[in-house]
A.B. asks: 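My questions will all concern the structure given below.
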Amino acid sequence: MDKNCIFCKIASKEISKEFLYESDLVMAFHDINPEAPVHILILPKVHISNINEVQDMGIFGDLFTAAKEIAEKEGVSEKGYRVVINTGKDGGQLVDHLHIHLIGGKKLGSKVSG
Ligand code: 5GP
Ligand code: ZN
């Protein structure tokens with residue numbers, strides 16, 4: 001846990017938040033500033049800054065398992081959705097705790113970068 005990290009505070013339940021998904025290693029909750037009707041953040045419970053710091057790539061199995069289940073639960077599986085991992089400054093990462101954005105519930109543009 002990084003004591004200055006907002007997502008660590010949520011993961012440790014120091015800040016209370018409704019979890020949409022929780023397993024031993026990952027959890028998910030609504031983005032505070034949604035960019036689409038469905039905008040959910042999925043992250044490891046332990047503090048990992050970003051992809052560059054991942055030691056065990058197995059965590060992505062857990063993160064994407066969560067993404068698939070959440071997409072089904074939110075009813076966007078069939079119509080489609082986007083998963084995004086911003087990494088570092090040029091990648092637009094604002095919170096330095098690895099997370100997947102799961103975005104859907106509307107037709108998204110075909111451009112990946114914006
Ligand atoms: P990034 O730019 O790092 O990929 O995305 C960070 C995301 O975290 C943003 O979409 C932002 O709205 C969201 N966010 C920042 N602080 C909080 C918070 O305290 N709670 C929640 N639920 N989301 C947050
Ligand atoms: Zn953290």
Side-chain angles (χ1 to χ4, degrees):
M1 159 142 187
D2 177 333
K3 61 178 172 27
N4 297 314
C5 172
I6 184 79
F7 288 176
C8 281
K9 286 181 183 165
I10 294 172
S12 66
K13 295 174 180 161
E14 188 182 325
I15 294 177
S16 111
K17 185 103 199 152
E18 181 202 354
F19 285 3
L20 304 170
Y21 178 99
E22 186 174 10
S23 71
D24 288 348
L25 298 177
V26 312
M27 57 165 190
F29 48 83
H30 288 292
D31 194 294
I32 206 168
N33 186 22
E35 292 182 15
V38 175
H39 188 168
I40 292 163
L41 302 174
I42 306 162
L43 45 141
K45 287 180 173 176
V46 296
H47 185 82
I48 304 170
S49 300
N50 60 36
I51 293 176
N52 298 335
E53 302 302 321
V54 174
Q55 304 282 338
D56 177 2
M57 290 294 168
I59 191 66
F60 287 104
D62 294 80
L63 290 167
F64 280 96
T65 297
K68 183 183 167 201
E69 282 185 26
I70 292 164
E72 281 164 9
K73 228 190 284 179
E74 296 289 322
V76 297
S77 281
E78 276 190 30
K79 281 196 150 186
Y81 55 93
R82 182 170 294 166
V83 290
V84 175
I85 305 176
N86 296 328
T87 305
K89 277 207 183 90
D90 278 5
Q93 184 177 10
L94 297 175
V95 177
D96 287 333
H97 182 130
L98 176 67
H99 52 281
I100 294 180
H101 295 257
L102 190 159
I103 302 159
K106 71 172 188 183
K107 179 103 176 72
L108 300 166
S110 55
K111 278 203 170 180
V112 179
S113 63

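Along the sequence shown, residues carry numbers from 1. Start at 1 and go down the list; that is how both ligands and their atoms are numbered.
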A.B. asks: Nearest 0.5 Å please: distance from the CE atom of M27 over to the CG atom of D62.
C.D. replies: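 Answer for the CE-CG pair, M27 versus D62, is 13.5 Å.
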A.B. asks: Could you go through E72 and I70, starting from their C-alpha distance and side-chain angles, then the distance that decides it, and tell me whether this counts as side chain to side chain contact (heavy atoms under 4.5 Å, CB included)?
C.D. replies: CA-CA 5 Å; E72 281 164 9; I70 292 164; over 6 Å; no
A.B. asks: Could you tell me whether some N/O pair between I10 and ligand 1 is separated by less than 3.5 angstrom?
C.D. replies: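 Between I10 and ligand 1, no N or O pair is found under 3.5 Å apart.
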A.B. asks: Within ligand 1, which atoms have a heavy atom of N86 less than 4.0 Å away?
C.D. replies: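 Answer, ordered by atom number: 1 (P), 2 (O), 4 (O).
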A.B. asks: With a 6.0 Å cut-off (strictly less than), is the heavy-atom count around NZ of K17, excluding the residue itself, greater than 12?
C.D. replies: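 Counting neighbours around NZ of K17, more than 12 heavy atoms of other residues, nucleotides or ligands fall under 6.0 Å, so yes.
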A.B. asks: Should I32 be counted as touching ligand 1, given the test is an N or O pair under 3.5 Å?
C.D. replies: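 Such a contact does occur with ligand 1.
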A.B. asks: Which residue holds the protein heavy atom closest to atom 22 (N) of ligand 1, what is that atom called, and what is the gap in Å?
C.D. replies: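 That would be H30 O, 2.9 Å.
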A.B. asks: So Y21 and V26, side chain to side chain contact (heavy atoms under 4.5 Å, CB included) or not? Walk me through it.
C.D. replies: CA-CA 8 Å; Y21 178 99; V26 312; 3.5 Å; yes
A.B. asks: Regarding ligand 1, does H101 bring an N or O atom to under 3.5 Å of one of the ligand's N or O atoms?
C.D. replies: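 There is such a contact, yes.
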A.B. asks: Can you tell me how far apart NE2 (H97) and SG (C5) are? Round to the nearest 0.5 Å.
C.D. replies: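 So the gap between those two atoms works out to 5.5 Å.
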A.B. asks: If the cut-off is 4.0 Å to any non-hydrogen atom of I6, which atoms of ligand 1 fall inside it?
C.D. replies: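 So the atoms of ligand 1 that pass are 19 (O).
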A.B. asks: Which is it for L41 and ligand 1 at heavy atoms under 4.0 Å: side chain, backbone, both or neither?
C.D. replies: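 The part of L41 near ligand 1 is the side chain, not the backbone.
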A.B. asks: So which of the N, O or S atoms of H47 lies nearest the Zn ion (ligand 2)?
C.D. replies: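 Nearest N/O/S atom of H47: ND1.
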A.B. asks: Can you tell me how far the CG atom of L43 sits from the CG atom of L98, to the nearest 0.5 Å?
C.D. replies: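 If we round to the nearest 0.5 Å, L43:CG and L98:CG are 8.0 Å apart.
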A.B. asks: For atom 2 (O) of ligand 1, what's the nearest protein heavy atom and its distance?
C.D. replies: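 Nearest protein contact, heavy atoms only, for atom 2 (O) of ligand 1 is G92 O, 2.8 Å.
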A.B. asks: Among all protein heavy atoms, pick the one closest to atom 5 (O) of ligand 1 and tell me residue, atom and distance.
C.D. replies: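 I find the closest protein heavy atom is H99 NE2, 3.1 Å.
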A.B. asks: Kindly indicate, with the supporting measurements, whether the criterion side chain to side chain contact (heavy atoms under 4.5 Å, CB included) is fulfilled by L41 and I100.
C.D. replies: CA-CA 6 Å; L41 302 174; I100 294 180; over 6 Å; no
A.B. asks: Drop me the distance from D96's CG to N86's CG, to the nearest 0.5 angstrom.
C.D. replies: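 Reported value, rounded in 0.5 Å steps: 11.0 Å.
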A.B. asks: Quick one: do E14 and K3 make a salt bridge, cutoff under 4.0 Å?
C.D. replies: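 No salt bridge links E14 with K3.
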A.B. asks: Rounded to 10 degrees, what angle sits at the Zn ion (ligand 2) between C8 SG and H97 ND1?
C.D. replies: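 Value, to the nearest 10 degrees: 110°.
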A.B. asks: Are H101 and H39 close enough that a side-chain donor and a side-chain acceptor fall under 3.5 Å?
C.D. replies: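 The answer is yes; a qualifying pair exists.
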A.B. asks: Could you list the atoms of ligand 1 found under 4.0 angstrom from a heavy atom of N33?
C.D. replies: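 The list of qualifying atoms is 12 (O).
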A.B. asks: Any atoms of ligand 1 less than 4.0 Å from a non-hydrogen atom of F29? List them with their elements.
C.D. replies: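 Those qualifying, in numeric order: 21 (C), 22 (N).
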A.B. asks: Measuring from E69:CD to S77:OG, what's the distance to the nearest 0.5 Å?
C.D. replies: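 Between atom CD of E69 and atom OG of S77 there are 10.0 Å.
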A.B. asks: Would you say H39 and ligand 1 have an N/O pair spaced under 3.5 Å apart?
C.D. replies: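 No - when backbone and side-chain N and O of H39 are compared with those of ligand 1, no distance drops under 3.5 Å.
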A.B. asks: Nearest protein heavy-atom contact for atom 12 (O) of ligand 1: which residue, which atom, what distance?
C.D. replies: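 Residue, atom and distance for the closest contact: D31 OD1, 2.5 Å.
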A.B. asks: Give a yes/no on ligand 1: does K17 have at least one heavy atom closer than 4.0 angstrom to it?
C.D. replies: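 True for this residue.
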A.B. asks: Students should be able to answer this: which protein heavy-atom is nearest to atom 15 (C) of ligand 1, and at what distance?
C.D. replies: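 For atom 15 (C) of ligand 1, the nearest protein heavy atom comes out as V95 CG2, 4.0 Å.
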